[in-house]
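Report on the structure given below.
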Amino acid sequence: MSELDKTLGLDANITRRDLLHDAGLMSLALGLASPSSASYSNNPVSTADYPPTRTGLRGSHPGSYEAAHAYARDGVPQKKPDATKESFDLVVVGGGISGLAAAYYYQHQFGQHQKILILDNHDDFGGHAKRNEFHQGGRMQLAIGGTHNLEYWQFNDTVNALIQDLGIDIDKLRRQTEFNYGRTGVNGRAIWFDAETFGIDRLITGCSLNGPPSASPLPYLDQFPISEAAKAQLRQFYGRTEDVLADLSDDDRSVYLHNTGYFEFLSSKAGLGEEARSLFGNACHGSWGLETQCLSVAEALGEGLPGLQLLGETPTESDWDYPAGFFPDGNASLARLLVQRLIPSVAPGVNPDNIAIAAFNYSELDKASHSVRVRLQSTVTHVENRGNGVYLSYTRGGKVHAVHARHCVMACYHSILPYICPSLSETQKVAQSYQVKYPLLLTNVLIRSRAPFTALGVDGVSCPGRMHGSLFLASGIETGGHQQGLADPGSVPVTFWGSLSPEAGVTDLRDQLRSSREKMLHLRFEDYEREVRSVLQNLLGPAGFRAARDILAITVNRWPHGYSHEYLDLWDEDWPQGEAPHEVARQRFGNITFANADAGASAYTHTAIEQAARAVGELG
Ligand SMILES: Cc1cc2nc3c(=O)[nH]c(=O)nc-3n(C[C@H](O)[C@H](O)[C@H](O)COP(=O)(O)OP(=O)(O)OC[C@H]3O[C@@H](n4cnc5c(N)ncnc54)[C@H](O)[C@@H]3O)c2cc1C
């Protein structure tokens with residue numbers, strides 16, 4: 001190990017799994033969830049096996065995807081399954097929000113006593129709705145490992161009905177939330193230029209490259225460690241107000257905005273050279289999972305990137321409001337409420353006011369005495385219609401098992417479906433393969449205290465030169481019983497949010513996404529660890545932070561199959577209604593129907609729910 005790695009603390013014993021780190025985790029062993037201050041306890045849980053407490057590589061964690069990759073990518077022949085011993089009314093493939101919601105709707109449609117089995121390849125339920133629990137630093141800290149927001153203003157009646165039935169009060173969630181990705185924290189936002197990329201470490205507080213008018217970088221451009229030419233271009237760009245498309249008709253204007261790349265616009269209409277443009281390169285890694293240059297002008301401006309001032313418009317502060325509903329573990333709380341509804345004994349007495357601090361008893365998930373069973377670490381490898389039902393094979397612990405069902409809802413990624421359901425038509429398979437998801441990375445780092453952030457006057461930082469495009473303090477979500485306000489002085493998770501840039505020279509969008517996905521899977525935990533340690537050390541070091549001392553835990557949530565592919569201006573056709581790939585991909589196939597957010601070509605939790613309702617409705 002290099003001296004630098006030692007200074008950064010890469011030899012620190014923080015990441016070893018399944019250890020009782022301290023009293024926090026010990027109390028979990030005794031059945032107490034050791035919340036911040038409120039107390040709530042239910043079932044005793046086994047500490048070593050409690051999936052949300054696992055650190056290290058999470059998301060697509062080792063052990064979750066190898067079986068699928070072996071047969072889908074490498075063509076390894078599947079073993080013969082054992083004789084079919086189990087039979088259910090419904091088998092759901094995929095235990096994400098969509099799969100859990102499918103079980104919920106099936107019970108509503110066919111009756112509470114229907115026998116349902118949910119199979120998922122991960123060691124925890126929820127899919128992208130991933131809970132990261134930390135017990136270092138004296139109390140339970142929660143962080144969001146995947147899907148964050150409830151975008152309630154987009155909910156339709158179906159989704160609203162489910163949210164209400166689970167007892168979730170969005171207004172209350174909003175009242176109990178101050179968190180806003182570091183944008184409106186106690187301190188504020190900043191841009192961090194790192195020495196490796198820009199020759200010098202420099203934190204510039206009070207501004208953002210893509211924020212509201214009050215955070216304009218214009219007054220700070222002199223401090224940017226970039227060439228004088230690039231500064232002058234940016235000064236012009238942020239300072240100019242005119243309509244550079246004034247000579248276009250409304251129709252031509254719309255065509256321009258949707259058919260022109262944002263970087264092309266920055267170059268030809270805003271006068272930014274490559275150096276200035278590159279500052280925006282990873283700005284959409286978190287929100288889209290792709291390079292900013294893949295977006296059209298309309299998409300980029302809709303995302304909050306600068307440029308409206310060159311279209312004769314005046315951006316307002318409220319354009320950047322994002323008043324979503326949050327739980328401190330994101331939509332993992334929604335997944336947990338669904339699981340609790342389906343299998344009440346996993347956490348008796350749980351409701352939206354204590355869901356975030358409740359300990360779940362995972363040994364209740366897969367019991368023959370329950371009408372709904374959730375079976376984890378089970379990768380489905382084959383599904384076919386036979387007679388009046390569906391036969392499935394899945395691998396678990398190196399063995400192949402068979403199961404029979406009257407109905408099956410496939411709530412897994414669509415790109416795997418052609419391999420699992422070989423008897424589908426070629427047309428449907430091609431449509432399903434069209435879904436190449438956007439890779440996402442969410443790395444949560446528990447630090448001893450927020451003091452260094454406070455000393456520097458920041459809550460959220462964008463990092464134009466780094467692997468993760470942004471980072472923010474994950475606190476200020478006091479919902480679900482969890483308490484950690486923005487000003488809480490104790491240990492706090494820092495969330496690094498982003499994706500990975502593809503290999504240079506890859507131009508096609510889907511190839512870029514695949515390249516990024518491969519990089520994500522090939523990087524080792526140490527690579528991610530070195531990155532976040534050196535960012536925190538160099539960013540916070542001037543405020544007394546020492547990575548080797550002040551980092552308590554690291555959880556890397558990598559999502560090589562992240563956001564569902566939403567159609568993009570520059571890369572996708574405008575298909576007639578009913579002919580878009582996701583509409584062809586989700587057509588009922590015998591007793592098999594298709595859910596997942598992929599079925600709606602929209603990367604939202606409410607889409608996952610809507611598609612579950614549709615998929616179950618088709619079985620009626
Ligand atoms: C980092 C991140 C942040 C996000 N943030 C938001 C947000 O803030 N708001 C929002 O609305 N949406 C967000 N999303 C989108 C999110 O994808 C949806 O909200 C929703 O959670 C998707 O649910 P799903 O059930 O359709 O898919 P998933 O959550 O992907 O669940 C599908 C499950 O099927 C499993 N599976 C796949 N193949 C097999 C197989 N062969 N056998 C068994 N199981 C299999 C998968 O591993 C997975 O567990 C985010 C996504 C990511 C990755």
Side-chain angles (χ1 to χ4, degrees), residues 58-61 64-65 67-72 91-103 117-130 144-155 159 181 285-289 322 324-327 330-332 334-335 338 374-383 392-396 409-417 419-421 435 437-444 495-499 557-566 594-612 615:
R58 299 296 290 158
S60 273
H61 60 77
S64 65
Y65 57 89
H69 284 190
Y71 72 84
V91 171
V92 180
V93 181
I97 296 279
S98 201
L100 297 171
L117 174 67
I118 301 170
L119 295 167
D120 194 278
N121 56 321
H122 289 103
D123 62 15
D124 203 351
F125 56 80
H128 293 157
K130 177 74 80 188
I144 301 173
T147 159
H148 289 215
N149 321 313
L150 289 169
E151 271 102 354
Y152 55 88
W153 56 91
Q154 296 188 50
F155 291 1
V159 178
Y181 294 96
H285 272 188
S287 50
W288 279 90
Y322 205 69
F326 289 102
F327 285 103
N331 291 334
L334 175 60
L338 275 167
V374 176
R375 189 164 298 163
L376 300 170
Q377 294 172 300
S378 302
T379 303
V380 173
T381 50
H382 189 83
V383 184
L392 300 98
S393 308
Y394 65 94
T395 66
R396 187 163 201 261
V409 172
M410 303 297 292
C412 54
Y413 321 139
H414 280 201
S415 58
I416 194 79
L417 291 171
Y419 303 96
I420 306 181
C421 303
Q435 246 302 340
K437 285 176 174 271
Y438 302 98
L440 267 298
L441 195 56
L442 267 178
T443 304
N444 288 314
T495 299
F496 286 72
W497 195 29
S499 184
N557 298 279
R558 49 176 193 185
W559 298 108
H561 301 274
Y563 293 144
S564 293
H565 188 99
E566 298 190 6
F594 301 93
N596 193 285
D598 287 0
S602 164
Y604 286 103
T605 295
H606 53 267
T607 307
I609 296 169
E610 286 164 21
Q611 293 305 319

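Worth saying up front: this structure is predicted, and the values here are computed from it rather than measured. When a ligand or atom number is given, it counts from 1 through the structure's own listing order.
In terms of polar-atom proximity, defined here as any N/O pair under 3.5 Å, N331 makes no such contact with ligand 1. At under 3.5 Å, a nitrogen or oxygen of T605, whether backbone or side chain, sits near a nitrogen or oxygen of ligand 1. Considering both main-chain and side-chain atoms, N149 comes within under 3.5 Å of ligand 1 through a nitrogen or oxygen pair. At least one N/O-N/O distance between D120 and ligand 1 falls below 3.5 Å.
Closest approach of I416 to A72, counting heavy atoms only: CD1-CB, 3.8 Å. In terms of heavy-atom proximity, A612 sits nearest to S98 at CB-O, 3.3 Å.
For atom 3 (C) of ligand 1, the nearest protein heavy atom (residue, atom name, distance) is G146 O, 3.3 Å. The protein non-hydrogen atom at the shortest distance from atom 39 (C) of ligand 1 is C412 CB, 3.7 Å.
Heavy atoms of S378 approach ligand 1 to within less than 4.0 angstrom. Look at A68 and you'll find every heavy atom at least 4.0 Å from all atoms of ligand 1.
Interface atoms of ligand 1 facing N596, defined by a heavy-atom separation under 4.0 Å, are 24 (P), 26 (O), 27 (O), 32 (C). Residue contact check: H148 has heavy atoms under 4.0 Å from atoms 5 (N), 6 (C), 7 (C), 8 (O) of ligand 1. Within ligand 1, the atoms closer than 4.0 Å to a non-hydrogen atom of L119 are 43 (C), 44 (N), numbered from 1 in the order shown. For ligand 1 and L442, the ligand atoms under 4.0 Å from any heavy atom of the residue are 1 (C).
Comparing heavy-atom distances from atom 15 (C) of ligand 1 across A335, G59, A603, G325 singles out A603 as nearest.
The closest side-chain donor-acceptor pair between S64 and N121, if any, does not fall under 3.5 angstrom.
In this structure, the side chain to side chain donor-acceptor pair (under 3.5 Å) partners of N444, at least two apart in sequence or on a different chain, are N132, T495.
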